[in-house]
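Here the structure is laid out as structure tokens; the discussion comes afterwards.
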Amino acid sequence: ESEWYVDYRYQVRGVDDNDIFVVGYNSEIMHYNGDTWEQINYFEGDYLDNIQVTENTVIVGGHRFEGGASVRALLLHGTRGE
């Protein structure tokens with residue numbers, strides 16, 4: 001019912017039906033905890049198209065435009081707090 005991610009979902013991964021991540025256009029990382037979706041913000045403008053999730057680690061891949069035709073590969077690594 002939300003308007004986020006209307007056309008820009010690139011990959012969905014999860015470890016359970018109450019632990020799902022979605023990545024996409026314009027730095028969007030979303031997490032579903034079984035009840036609500038939360039947007040994780042870090043840097044605006046990146047294109048995220050790959051994600052791998054384990055119980056305590058999230059790895060996201062994509063790219064960042066740096067002016068003109070210059071593109072830089074991007075790899076994000078996150079861990080869960082206890």
note = Those residues at least two apart in sequence (or on a different chain) that pass side-chain hydrogen bond (donor to acceptor under 3.5 Å, both in side chains) with T57 are none
query = Are L74 and L48 close enough that some pair of their side-chain heavy atoms sits under 4.5 Å apart?
reply = yes
ask   = Which value, rounded to the nearest 0.5 Å, describes the distance between I59 atom CD1 and T54 atom OG1?
value = 8.0 Å
query = Among pairs that include at least one residue of residues 68-78, which meet side-chain hydrogen bond (donor to acceptor under 3.5 Å, both in side chains), considering only residues two or more places apart or in two chains?
reply = E66-R72
ask   = Hey, are R13 and D19 close enough for a salt bridge, meaning a charged N less than 4.0 Å from a carboxylate O?
value = no
key: Partners meeting side chain to side chain contact (heavy atoms under 4.5 Å, CB included) with N18 (sequence neighbours left out)   = D16
request  = Enter the distance from I20:CD1 to W37:CH2 here, rounded to the nearest 0.5 Å.
outcome  = 5.5 Å
note = Taken in chain and number order and not counting sequence neighbours, the residues that satisfy ring pair (Phe, Tyr, Trp, His ring centres under 6.0 Å) with F65 are Y47, H63
message = If the condition is side chain to side chain contact (heavy atoms under 4.5 Å, CB included), which residues does E55 pass it with, not counting sequence neighbours?
response = none
note = Of all heavy-atom pairs linking V15 and V53, the shortest is CG1-O, 3.7 Å
ask   = So do the side chains of L76 and I29 get within less than 4.5 Å of each other, counting heavy atoms only?
value = yes
task = Look up atom CE in M30 and atom CD1 in I51, then write down how far apart they are to the nearest 0.5 Å.
result = 12.0 Å
note = Across all chains, not counting sequence neighbours, the ring pair (Phe, Tyr, Trp, His ring centres under 6.0 Å) partners of H31 are F21
query = With sequence neighbours left out, what residues match D46 under salt bridge (Lys or Arg N to Asp or Glu O under 4.0 Å)?
reply = R64
